[in-house]
Amino acid sequence: MSQFWKPGAEKPRILDDEEGGVLFLASSLSSSSSGYGYGSIEKQRLRLPVYKYRTAILYLVETHATTIIVGETGSGKTTQIPQYLKEAGWADGGRVIACTQPRRLAVQAVASRVAEEMGVKLGEEVGYTIRFEDLTNSGVTMIKFLTDGVLLREMMDDPLLTKYSVIMVDEAHERSISTDILLGLLKKIQRRRPELRLIISSATIEAKSMSAFFQTSKRHQGLEADDGPRKDPAILSVEGRGFNVQIHYVEEPVADYVRAAVSTVLSIHDQEPPGDILVFLTGQDDIDATVQLLTEEAQANGKNKGLIVLPLYSGLSRAEQDLVFSPTPRGKRKIVISTNIAETSLTLEGIVYVVDCGFSKQRFYNPISDVENLVVAPISKASARQRAGRAGRIRPGKCYRLYTEEYFVNEMPAQGIPEMQRSNLVSCVTQLKALGIDNILGFDWPASPAPEAMIRALEVLYSLGVLDDDAKLTSPVGFQVAEIPLDPMIAKMILSSSQLGCSEEIITIAAVLSIQSIWVSTKLQKELDEAKLRFAAVEGDHVTFLNVYQGFLRSGKSSQWCHRNFVNYHAMKKVIEIREQLRRIALRIGIVLKSCERDMLVVRKAVTAGFFANACNLEAYSHNGMYKTVRGSQEVYIHPSSVLFRVNPKWVIYHSLVSTDRQYIRNVMTMDPSWLTEAAPHFFQYQRPDPIGH
DNA sequence: GAGCACTGC
């Protein structure tokens with residue numbers, strides 16, 4: 001491979017664009033150098049679109065502190081660029097090349113692919129780290145894949161990330177909270193470590209704003225010192241290798257996208273050649289309705305024989321999700337009706353047609369009421385393109401958009417709102433504080449969150465005793481909370497359990513609260529309710545979780561036991577895993593591991609210490625179970641899934657709140673109001689001088 | 001008596 005550009009060699013031809021970024025125009029190499037006697041993996045590597053840009057990428061990374069690579073799916077950037085860097089010597093001298101991904105599955109898949117291409121054992125030269133799993137060998141691993149959340153955690157031990165020579169942040173266009181925090185911090189690190197190189201890889205042409213973010217102040221421009229890289233980011237664009245997808249729009253806006261989706265699917269089935277169909281809708285309700293309607297109409301038309309209609313959303317059991325991946329039998333057409341999960345998280349093979357309703361459920365946070373809501377909202381153009389691209393993976397496809405072209409062009413937003421601007425920031429602020437970022441309001445974010453959200457987060461953390469009057473982390477509580485990889489309210493609950501002597505129980509509760517649900521998703525609602533009753537505790541859902549966990553342990557962690565009791569076996573295994581991680585961290589930060597045996601009073605006090613802000617009082621004379629929150633006097637109701645539903649104790653504390661027609665509180669526990677002033681005297685003095693006196 | 005887009009540490 002001597003023909004490739006290496007650091008120090010004569011530079012390839014480049015052209016500066018008017019913004020000071022560097023745009024690579026032509027490579028002197030073409031991909032025609034493939035074909036002599038390489039193994040098939042090697043041949044495949046040479047055929048990837050990114051291969052043509054190998055020299056350019058290495059040159060830009062050598063000469064620029066930050067390189068932004070815009071690459072469509074199938075360009076090969078994720079698997080190839082780390083290898084190019086290694087071949088060019090960026091992993092010499094014990095240094096490591098890092099590549100981050102937003103999702104665990106992607107980390108594992110990419111790492112094993114790269115290990116295979118390099119002919120090495122996974123966990124040696126090529127490794128990966130995700131929560132609960134570290135497959136790296138320190139001193140040996142040269143290329144390391146990891147989730148961006150794990151890299152953020154690594155910064156708590158090594159703030160300058162000194163072992164890495166190059167950090168590639170992949171899928172940056174998704175703008176998850178951890179990607180955004182990471183980008184902000186990496187920009188800071190760059191100032192302290194000029195030898196560090198960043199590669200920001202993104203699927204959309206948002207590169208300009210990303211470039212502006214990494215652009216350092218004007219006076220540095222043009223000062224190209226011989227001993228350092230250029231400070232202005234380079235931008236390089238790599239084409240993808242997807243097939244052409246023809247876009248169809250509706251001529252008039254549709255009133256009901258469920259009906260529109262059904263009729264679109266039926267006409268594709270009627271008129272188009274074989275190929276599976278993927279339909280994007282917003283949620284479980286829409287999807288179940290569509291599956292039913294489609295099955296009925298197909299039956300009525302006598303077309304049901306050729307159709308396999310399958311729902312897809314994260315709430316389905318593993319077995320139900322796996323159905324979607326089974327190959328379509330000859331002569332049949334598979335129709336997958338899915339949430340956003342199929343946009344990025346899962347990739348289906350064999351899709352030729354996509355139907356896109358133009359909406360998805362998105363989280364929005366209201367810092368004034370401190371409530372996170374799930375709202376059906378229009379998707380962005382970037383999402384619409386991503387959805388359409390799902391039709392072009394195996395051959396040219398078609399995408400049917402259930403909105404007008406006029407709407408797409410003129411009204412659909414180009415990019416979605418970054419998650420940072422739609423979320424509660426309590427965890428995010430704690431993490432930054434732990435990394436020594438004192439001036440949170442002045443932090444240089446890729447997208448600044450609302451000041452109200454920031455102030456609300458500071459208030460909550462102050463009331464938890466995580467921050468002091470100067471908004472600095474308290475010692476030891478604040479630092480301990482930051483070490484625990486969970487929501488600060490949960491972390492505070494764990495810390496309090498140490499003093500109350502019930503940490504074993506509270507850690508179990510923390511683990512259960514941090515997974516989706518320990519119950520199986522089933523249509524047998526009555527049976528599920530009956531199963532729940534077998535574990536129900538008068539103290540509420542938290543203690544009920546302890547009963548389930550005890551039962552699971554006594555059964556010898558049996559999957560049959562889970563099945564009999566409508567408990568989700570995979571969820572329980574995850575609970576065990578999270579418990580183990582939390583116990584390790586607890587020992588490290590000096591929490592006393594102790595069981596309170598059957599004393600649920602201390603367990604409830606520990607929960608209150610974290611969740612006092614979620615205290616509610618049953619309205620006197622309320623016959624319909626209406627509660628008011630102590631903090632904001634909001635009307636709330638106990639969710640029917642709670643064991644305290646219809647029990648309606650006078651005082652409760654909840655873990656989370658969901659808004660639909662009503663505000664429902666989920667995971668609810670009974671408590672005594674005198675604990676509130678005990679847990680957070682300042683908070684309740686400030687909010688309401690005497691919460692107990694009525 | 002009713003509802004949970006999707007990730008991640």
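Labels below follow one simple rule: chain letters A, B, ... track the order of the sequence lines, proteins then strands, and each chain is numbered from 1.
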Residue pair A:Gln581 / A:Arg131, side-chain donor-acceptor N/O under 3.5 Å:
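Side-chain D/A pair, A:Gln581 to A:Arg131: present.
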Given [options], identify the nucleotide with an atom nearest to the side chain of [X].
| X | options | answer |
| --- | --- | --- |
| A:Arg131 | B:dC9, B:dA5, B:dA2 | B:dC9 |
| A:Ser345 | B:dA2, B:dC6, B:dG1 | B:dC6 |
| A:Arg153 | B:dA5, B:dT7, B:dC9 | B:dC9 |
| A:Arg103 | B:dC6, B:dG8, B:dG1 | B:dG8 |
| A:Gln516 | B:dA5, B:dT7, B:dC9 | B:dT7 |
| A:Arg363 | B:dC6, B:dC4, B:dG8 | B:dC6 |

Going by the angle between their ring planes, with limits at 30° and 60°, are A:Phe545 and A:His542 parallel, tilted or perpendicular?
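If you compare the ring of A:Phe545 with that of A:His542, the planes turn out tilted.
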Side-chain N or O of [X] closer than 4.0 Å to phosphate OP1/OP2 of [N]:
| X | N | answer |
| --- | --- | --- |
| A:Arg666 | B:dA2 | no |
| A:Thr339 | B:dC6 | yes |
| A:Ser314 | B:dC6 | yes |
| A:Ser176 | B:dC6 | no |

Can you check salt bridge (Lys or Arg N to Asp or Glu O under 4.0 Å) on A:Arg175 and A:Glu419, steps first, answer last?
CA-CA 6 Å; A:Arg175 306 302 301 273; A:Glu419 194 186 6; over 6 Å; no
Would you kindly check whether a donor in the side chain of A:Asp529 faces an acceptor in the base of B:dG1, or vice versa, at under 3.5 angstrom?
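Under the 3.5 Å cut-off, the side chain and the base do form a donor-acceptor pair.
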Between A:Lys361 and A:Leu486, just flag the one whose closest nucleotide in DNA chain B comes earlier from the 5' side.
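With A:Lys361 and A:Leu486 compared, the 5'-side residue is A:Lys361.
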Verify, without hydrogens or angle tests, whether A:Lys381 (side chain) and A:Phe408 (backbone) share a donor-acceptor contact under 3.5 angstrom.
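Pair found, side chain donor or acceptor close to backbone of A:Phe408.
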Contact class for A:Ile130 (heavy atom, under 4.0 Å): base, sugar-phosphate, or nothing?
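If one applies the 4.0 Å heavy-atom cut-off, A:Ile130 turns out to touch the sugar-phosphate alone, with no base involved.
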Contact class for A:Gln525 vs. all strands (heavy atom < 4.0 Å): base, sugar-phosphate, or nothing?
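Base: the residue A:Gln525, judged by heavy atoms under 4.0 Å, touches a nucleobase.
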Closer than 4.0 angstrom, basic N to acidic O: yes or no for A:Glu504 and A:Arg579?
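Here A:Glu504 pairs with A:Arg579 in a salt bridge, since their nearest N and O are under 4.0 Å apart.
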Just how far, in rounded Å, is P of B:dA2 from CD1 of A:Ile665?
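To the nearest whole Å, that distance equals 16 Å.
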